[in-house]
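Reading through the structure tokens given below for one structure.
Letters go in sequence order (proteins before strands), and every chain restarts at 1.
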Amino acid sequence: MADGFSLFSDRSTVAMRVNGELRDLASEVTDRDAVEPVTIDSPDGLNILRHSAAHVLAQAVQQVNPDAKLGIGPPIADGFYYDFDVAENFTPEDLKGLQKAMDRIIRQGQRFIRRVVTDDEARAELAEEPYKLELIGLKSGSMGDDNESVEVGGAELTIYDNVDPKTGETVWKDLCRGPHLPNTRMIGNGWSLTRVAAAYWRGSEKNPQLQRIYGTAWPTKDEMRAHQTRLEEAAKRDHRRLGQELDLFSFPEEIGSGLAVFHPKGGIVRRQMEDYSRRRHEESGYDFVYSPHISKSNLFMTSGHLQWYADAMYPPMSLDEERDAAGNVTKQGADYYLKPMNCPFHNLIYRATSRSYRDLPLRLFEFGSVYRYEKSGTIHGLTRVRGMTQDDAHIYTTRDLMKAELTSTLQFVLDLLRDYGLSDFYLELSTRDESEKFVGSDELWDEATNTLREVAEASQLELVPDPGGAAFYGPKISVQARDAIGRTWQMSTIQLDFNLPERFDLEYTAPDGTRQRPVMIHRALFGSIERFFAVLTEHYAGAFPVWLAPVQVVGIPVAEDYVDYLADVVDQLQTYGVRAEVDRSDDRMQKKIRNHTKAKVPFQLIVGEEDRNAGAVSFRFRDGTQLNGVPVADAVARIRESIRSHEQVVTSWAD
RNA sequence: GCCGCUUUAGCUCAGUCGGCAGAGCGUUUCACUCGUAAUGAAAAGGUCGUGGGUUCGAUUCCCACAAGCGGCUCCA
């Protein structure tokens, strides 16, 4: 028999894995056990560090406010949180006091001592902690999620005592699965409380709201600083900030929450995105259609949207009703709704004529503007809005052709995303679960789900299951893309739908003359153009590849004398459709360089006496590198090539 | 929708313990004509988010609403 302290003298070892299970260093093991050290900088070690920091936070809160009731306190990415039920909400100032109290606890070096208890013992000890009691009650049943299992997820119920090393007195305790650091001192100084927020108990809107305090914790202070620097870098890429700085778009308060206007520069980026997409769709056998922004209610009854999503639709405009003097209706009115989806309209286009199997697959594409009354607290920049334009297509096909169509659609989607500069993907397969909200027979769901799975697996991309994530009418594959700083965004979705063809009674005539039901595939590539715009803005940090850049080339004369020469170069570029201009302002040259560098223009062409004499221009790139004395014809050709190839240009071309 | 915070010039932000507000950048004008990230000077620019209340007096205190931010919930 031995414990982890005698096995691992290395101070960076904070816990151990015994026969695959995480355990405290204080646990006893025998030489028949397989024991591995868990170091503080490993994923498990970081979780343990952060979880222990959460305990210290809870202890500090109860020191300051003994009436605070404990929720849960798990580790999360980069840190931890702990939920509390308190009479008075925390203020940002409270964090400072709590931070000090935590610091004292950490410097005391309190030991975390694990103790196994029975359910009844735990109930007696935690009689004052109603939320913990609820978790004990849940232990035998099914647990909600991983965060809760941090408290009671183990085979046995355990309480961790925080023991003052000088007096041996237990100063605090918490129901917890563990493991923990050996003592609080090992939390060190690489941590900080970050913010307060409200959170529903056990994640349900129906439950009371608790006060949540978030913190971040790292093995060293330097690593925490590095984390903070990463956050600052991410903030610089924030599309809302860049949208303001680069004059791309805005959300005027007068229009309403979640409704954007695109400024001329943002308009150029957006139109390039759309035009390229349009061209690729044309080449790939899509038919372009258009549909209005509003419709009478019947259409959304047929589609089921009013039954399922009325809450998230703008309320109706009631029109045309007439009444006589007595108030009796003399003319029946109608309710019109702003459309939340394009599919009902496309179904009507499908149904407008009788269809043969020879027409299939029929691919209807539209940049369709939709309006959804998103809950006020969910709106976020361009990524979550109330008015947006989807690059929406609905493909009608036979069951036989379904798989081939899904395969080619997925390929099309991935190819197109790559053309916009995203290249690191994985797939998510969203399926139904036991919930009531899903419509359709088990057989249909099985067939649809299996088909999607086969298609996804054939793509060779990583496939992550998402049980319960399907739409009510069918399963879907979603393409997740990682951006330049490793964040993932849900991009395209491909959904199979056996339900809407049924509801709209869609048919085609098969080769044998019978009437058959087509299968419908919903797919959006960008999701919404607004959202994709935001993703690309953040991915490129506002420095778009040349083909998307609002201004591609700006000419900077060293002195006014060279304006005419530069204007001639810019004219040549404009002839080829290049977005080029000459900066004729009376700023000094250095100031112009600064302005256009901040505006992230890919090419600055600088011309003075030397260049003019040589019939050349001097390139200055976004990172400050230069390529001097390039003959004008070469410069024009290289710029055009960079646009054609969708190349990103940040630094000088290597010759 | 819920909890908390925020809203002052075009932008970023100071400020007023209740007595009609300030900076930098930007804009306009003038001078300067310059070889790789800020030339100098002057001027214009604000119903202190909107509406109500308290007060002799409100940008400041209180209430409601709107918009934004951070979370939670939600996302066809």
(Q) Between A:Gln390 and A:Gly368 (side chain of the first, backbone of the second, donor and acceptor by atom type, cut-off under 3.5 Å), is there such a pair? (A) no
**Q.** Pairing nucleotide - B:rG46, Watson-Crick or G-U, each distance under 3.5 Å
**A.** none
Q) Taking the same atom, P, in B:rU73 and in B:rA67, what whole-Å distance lies between them? A) 23 Å
Q: Ignoring hydrogens and angles, tell me if any N or O in the side chain of A:Thr625 forms a donor-acceptor pair with the backbone of A:Phe621 under 3.5 Å.
A: no
Q | A:Gln307 CD to B:rA76 C1', straight-line distance once rounded to whole Å | A | 13 Å
**Q.** Spacing of A:Arg612 atom CZ relative to B:rU33 atom C1', expressed in whole Å
**A.** 13 Å
(Q) Regarding B:rG4, can its base be found pairing with the side chain of A:Thr91 as donor and acceptor, where the two atoms are less than 3.5 Å apart? (A) no
Q: Give the rounded distance in Å between these two atoms: OH of A:Tyr562 and C1' of B:rC34.
A: 10 Å
**Q.** Identity of whatever pairs with B:rU60 - Watson-Crick or G-U, under 3.5 angstrom
**A.** none
Q.
So, does A:Lys206 get its side chain near the phosphate of B:rC72, meaning an N or O under 4.0 Å from OP1 or OP2?
A. no
(Q) Roughly how many Å apart are B:rG19 and B:rG24, using the C1' atom of each and rounding to a whole number? (A) 28 Å
Q. Under a 3.5 Å cut-off for both distances, is B:rG40 Watson-Crick or wobble paired, and to whom?
A. B:rC30
Q) Using a cut-off of 4.0 Å on non-hydrogen atoms, how would the nucleic acid contact of A:Gln244 be classed: base, sugar-phosphate, or nothing? A) sugar-phosphate
Q. When you measure from the side chain of A:Asp391 to the backbone N and O of A:Leu525, does any donor-acceptor pair fall under 3.5 Å?
A. yes
Q.
Students often get this wrong, so: under 4.0 angstrom with heavy atoms, is A:Glu245 touching a base, only sugar-phosphate, or nothing?
A. nothing
Q: Indicate whether OP1 or OP2 belonging to B:rG35 is found under 4.0 Å from a side-chain N or O atom of A:Arg620.
A: no
Q | Residues which pass salt bridge (charged side-chain N to carboxylate O under 4.0 Å, His left out) with A:Asp561, listed by chain and number, not counting sequence neighbours | A | A:Arg612
Q: Would you mind telling me which residue lines up with the more 5' stretch of RNA chain B, A:Phe472 or A:Asp586, judged by nearest nucleotide?
A: A:Asp586
Q: Start with the C-alpha gap between A:Lys69 and A:Glu134, add the side-chain angles, then the distance that decides, and say whether salt bridge (charged side-chain N to carboxylate O under 4.0 Å, His left out) holds.
A: CA-CA 12 Å; A:Lys69 302 301 179 201; A:Glu134 191 178 329; over 6 Å; no
Q. Where the side chain of A:Lys591 is defined as all heavy atoms beyond and including C-beta, which of B:rU39, B:rA37, B:rU73 is the nearest nucleotide?
A. B:rU39
Q. A:Arg588 CZ to B:rU33 P: how many Å, rounded?
A. 11 Å
Q) Taking the side chain of A:Ala312 as its heavy atoms from C-beta onward, which of B:rU33, B:rA76, B:rA38 lies nearest to it? A) B:rA76
Q: Can you tell me, in whole Å, how much space there is between the C1' of B:rU8 and that of B:rU60?
A: 11 Å
Q) Looking for any heavy atom pair under 4.0 Å, which part of the strands does A:Phe90 touch: base, sugar-phosphate only, or nothing? A) nothing
Q: Find the partner of B:rC20: check Watson-Crick (N1-N3 plus N6-O4 or O6-N4) and G-U wobble (N1-O2, O6-N3) distances, both under 3.5 Å, and reply none if neither fits.
A: none
Q. Given atom CG of A:Asn347 and atom C1' of B:rA76, what is their separation to the nearest angstrom?
A. 14 Å
Q) Quantified in whole Å, what is the P atom distance between nucleotide B:rA58 and nucleotide B:rG49? A) 15 Å
**Q.** C1' spacing across the pair B:rU7 / B:rU59, given as an integer number of angstrom
**A.** 12 Å
Q.
Return the pairing partner of B:rA76 with a 3.5 Å limit on both distances, Watson-Crick or G-U wobble; otherwise return none.
A. none
Q) What is the distance, rounded to the nearest whole Å, between atom CG of A:Asp392 and atom P of B:rA76? A) 13 Å
Q.
What is the distance, to the nearest angstrom, from the CZ atom on A:Phe249 to the C1' atom on B:rC11?
A. 15 Å
Q: Ignoring the backbone of A:Arg384, work out which of B:rA76, B:rC75, B:rC11 is nearest its side chain.
A: B:rC75
Q: Please determine if a side-chain N or O atom of A:Arg594 lies less than 4.0 Å away from the OP1 or OP2 oxygen of B:rA38.
A: no
Q.
Does B:rG4 have its OP1 or OP2 closer than 4.0 Å to a side-chain nitrogen or oxygen of A:Asn89?
A. yes
Q | Minimum side-chain heavy-atom gap A:His305-A:Lys339 below 4.5 Å | A | no
Q) How would you label the contact of A:Asn628 with the nucleic acid (heavy atoms, under 4.0 Å): base, sugar-phosphate, or nothing? A) base
(Q) Work out how far the P atom of B:rG70 is from that of B:rC13, and round it to whole angstrom. (A) 13 Å
Q: Could you please name the partner base of B:rC2, counting Watson-Crick and G-U wobble pairs only when both distances are under 3.5 Å?
A: B:rG71
Q: For nucleotides B:rA76 and B:rC61, find the distance between their P atoms and express it as a whole number of Å.
A: 42 Å
Q | Partner nucleotide of B:rU55 by Watson-Crick or wobble geometry (both distances under 3.5 Å) | A | none
**Q.** C1' spacing across the pair B:rA21 / B:rC62, given as an integer number of angstrom
**A.** 23 Å
Q) Taking CG from A:Leu210 and C1' from B:rC2, how many angstroms apart are they, rounded to a whole number? A) 12 Å
(Q) Strictly distance-based, threshold 3.5 Å: is any side-chain N or O of A:Arg622 a donor or acceptor partner for the main-chain N or O of A:Val650? (A) no
(Q) Within this structure, what is the CD-CD1 distance for the pair A:Gln604 and A:Ile556, rounded to the nearest 0.5 Å? (A) 4.0 Å
Q: Go through the N and O atoms of the side chain of A:Asp611 and the base of B:rG35, and report whether any donor-acceptor pair is under 3.5 Å.
A: yes
Q: Measure centre to centre between the rings of A:Tyr350 and A:Phe504, then say whether the value is under 6.0 Å.
A: no
Q. For A:Gln211 and A:Gly469, take the nucleotide of RNA chain B holding the closest heavy atom to each; which residue's nucleotide lies nearer the 5' end?
A. A:Gln211
Q: Please determine if A:Asp505 and A:Arg517 form a salt bridge, counting it only when a charged side-chain N lies under 4.0 Å from a carboxylate O.
A: yes
(Q) Taking atom types as they are modelled, would you say the side chain of A:Lys375 forms a donor-acceptor pair with the base of B:rU73 within the 3.5 Å cutoff? (A) yes
Q | Spatial distance of atom CE (A:Met224) from atom OG1 (A:Thr216) [nearest 0.5 Å] | A | 7.5 Å
Q | Contact letters for nucleotides 66-71 of chain B, in which S counts primed atoms plus P, OP1 and OP2 and B counts the base, heavy atoms under 4.0 Å | A | SSSSBB
